[in-house]
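Per chain, numbering begins at 1; letters A, B, ... match sequence-line order.
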Amino acid sequence: MSDQNANDGGQPRFGRPRSEPTEPAEPAEHVVLEEQIDLWRGYVQRRRAISAADVDEMEDHLRGQVSDLTASGLEDEEAFLVAVKRMGNLDEVSREFAREHSDRLWKQLVLVPEEPGDGGRWRELAVVLALAVGAGIVLKVLLAATVGNELVLVRNGVFAVLPFLAGYFVWKRHVPWRVSALLVAITTAFALVVNLYPFEPGEFDGAGMTEFLAITHTPVVLWLLLGVVYAGGAWRSGARRMDFVRFTGELIIYLALIALGGMLLIGLTFGTLSLVGVDFGPVFADWLLPFCLPGALLVGAWLVEAKKNVVENIAPVLTRVFTPLTIVMLVAIFVVLLVNGPLTDVDRDLLILMDAILVLVLFLLLYSISARDPLAPPGIFDWMQLALVGAALAVDAVALTAMLTRIAEFGFTANKVAALGLNLVLLVHLAWAAWLATGFVRGRRSFGAIEHWQTQYLPVYAIWASIVVITFGPIFAFA
Amino acid sequence: MHIDKDLVAASATPLVLGILADGESYGYAILKRVNELSGGRMEWTDGMLYPLLHRLERLEYVKATWGTSDVGRRRKHYAITASGREALAERRQQWAVVSDALKQVWQDVQPGPAVAEGWA
């Protein structure tokens with residue numbers, strides 16, 4: 001810059017006699033020019049088809065042009081405007097760059113940088129893989145120790161794997177040791193409850209109702225505890241909770257993709273080895289499963305963390321696709337339930353299916369909220385969401401009426417109460433969300449209220465799941 | 001003079017390759033050279049030069065290196081490659097054919113009144 005200033009200062013100015021002294025004016029003019037060029041850089045850099053290196057190249061051009069124009073007698077500002085005009089319409093230039101560099105319009109996720117020097121990424125990958133192997137070893141040991149007693153394996157599988165995923169986030173988020181210690185204590189307490197309760201065996205020596213409920217609800221508690229670790233201990237923050245929601249949604253999708261790829265790979269391996277008479281089954285069951293399942297979870301989590309800000313979230317896109325379809329499904333179910341009533345033959349399965357439907361609706365609601373600009377005004381999709389929740393509540397009301405009638409007639413069981421309880425928890429969540437959404441689309445409430453309600457309500461699921469795990473055994477005599 | 005954009009586009013590649021055949025250069029200098037060669041009558045949209053240079057780089061007709069200008073700015077220099085020279089020779093032959101054809105067309109065109117009068 002100083003060279004440029006000296007160079008410009010040395011040039012005589014033609015066509016403009018000046019009475020004022022030269023020295024004080026120069027720096028001010030160049031300051032304005034620098035500001036103008038900075039603004040221009042920012043403007044150009046917003047075009048995805050034009051890379052930072054391209055902007056450097058064009059800036060060199062622009063400055064050269066400005067320099068020549070000022071040498072021929074123009075003031076800085078005039079020279080800048082002429083030079084920018086000669087660069088051409090930015091839309092057209094950008095389109096030409098896009099034609100030549102179309103790959104830039106697709107965002108690429110760089111997992112591990114190729115340049116040496118960024119050791120952080122490699123270290124993180126090493127930590128992830130080490131934790132994955134650790135989880136695999138623990139699961140393998142558990143598998144060997146529980147031969148012939150599959151219920152012990154099923155009860156403890158989640159305790160073998162989730163602590164390693166938590167370890168990844170403890171390391172990554174520098175979680176305070178007090179928070180970690182408390183979470184370890186809570187997790188240990190749940191492990192003791194699940195393993196020490198004298199559950200009665202069910203049919204064919206399988207799990208009884210209360211044991212089954214404990215097995216299915218423990219992962220819910222542990223996952224929401226993982227949310228505390230994910231938030232770096234700041235679990236009271238609504239923004240951190242929503243981040244955990246986003247993470248969970250993307251993780252499910254990445255795990256589904258990894259599972260599909262894994263199945264393809266294993267299928268090809270089975271097929272090829274069977275042609276030469278080798279049975280791949282034992283290797284698969286004894287070694288691949290114990291190591292690949294936790295491995296997929298750890299690697300999936302790492303991928304989701306790596307992709308933040310680089311690749312768009314998929315979950316909210318899927319909600320856009322499935323919200324209208326689900327509305328149609330719910331309306332159809334509602335009509336069929338009414339036409340085919342009274343629901344004399346419905347049983348517990350209906351209530352469980354209703355719970356599943358409400359969970360689906362909750363996910364659709366949650367993930368579209370997680371990606372919505374809170375300051376945008378209500379639009380057609382917000383009305384569609386309101387219709388979705390309304391339809392779900394209507395269907396649930398019909399099913400619930402029938403279910404309550406049957407419970408009153410035939411009495412309570414652990415499964416019925418658990419299904420009913422979850423239904424009520426979901427009902428409260430969705431009903432209040434519908435109330436807030438109505439206020440929002442009518443312009444009486446802010447979107448922030450809806451978002452806040454979602455994150456505020458999350459602990460209720462952990463509390464309900466904990467109640468099921470801890471109290472249903474004693475209440476229902478461990479049957 | 002306004003020159004049709006299709007003609008500008010068609011002539012851009014041989015012009016840039018020809019200028020680089022004279023020696024290594026950079027974007028702004030190339031543009032100034034085009035201006036000189038045309039006697040100021042070809043005015044390119046400056047920004048369009050760079051996607052073209054990148055395309056020539058992708059085709060390996062030119063090689064690019066980042067250097068520093070005499071006032072300390074980052075500057076990308078371009079040099080023609082062997083395959084670039086081959087491409088230039090090929091374009092030259094193509095233009096020679098077109099030029100010959102056009103020359104005959106110009107000669108066959110019925111001379112206008114002014115020209116005829118001039119000859120008389």
Without hydrogens or angle criteria, can the side chains of B:H54 and A:E96 be said to hold a donor-acceptor pair below 3.5 Å? no
When rounded to the nearest 0.5 angstrom, what is the spacing between CZ in B:R75 and CD in A:E57? 10.5 Å
Would you indicate whether A:K172, at its atom NZ, is surrounded by more than 12 heavy atoms from other residues, nucleotides or ligands within a distance under 6.0 Å? yes
Salt bridge or not for B:D46 and A:R86, using N-O below 4.0 Å? no
Rounding to 0.5 Å, atoms CG (A:D60) and CZ (B:R74) come to a distance of 10.0 Å
Any chance OH of A:Y43 has more than 12 other-residue heavy atoms, nucleotides or ligands included, within less than 6.0 Å? no
Atom CD of A:Q45: over 12 foreign heavy atoms under 6.0 Å: yes
Quick one: does A:V93's side chain get under 4.5 Å of B:Y50's, heavy atoms only? no
Salt bridge B:R73-A:D56, side-chain N to carboxylate O under 4.0 Å: no
Between A:H61 and B:Y26, is the ring centre distance below 6.0 Å? no
Quick check: are there more than 12 heavy atoms from other residues, nucleotides or ligands sitting under 6.0 Å from CD of B:E60? no
Under a 4.5 Å heavy-atom cut-off, does chain B meet the side chain of A:A53, its backbone, both or neither? both
Among A:D68, A:D54, A:I50, A:L62, which residue has the highest count of heavy-atom pairs closer than 4.5 Å to chain B? A:D68
Check this for me: does any side-chain nitrogen of one of B:R58 and A:E100 sit under 4.0 Å from a carboxylate oxygen of the other? yes
Which atoms of B:W66 approach chain A - backbone, side chain, both or neither, heavy atom under 4.5 Å: side chain
Mind checking whether B:M48 and A:E92 have side chains closer than 4.5 Å, heavy atoms only? yes
Under 4.5 Å from any heavy atom of chain A, what part of B:L31 do you find: side chain, backbone, both or neither? side chain
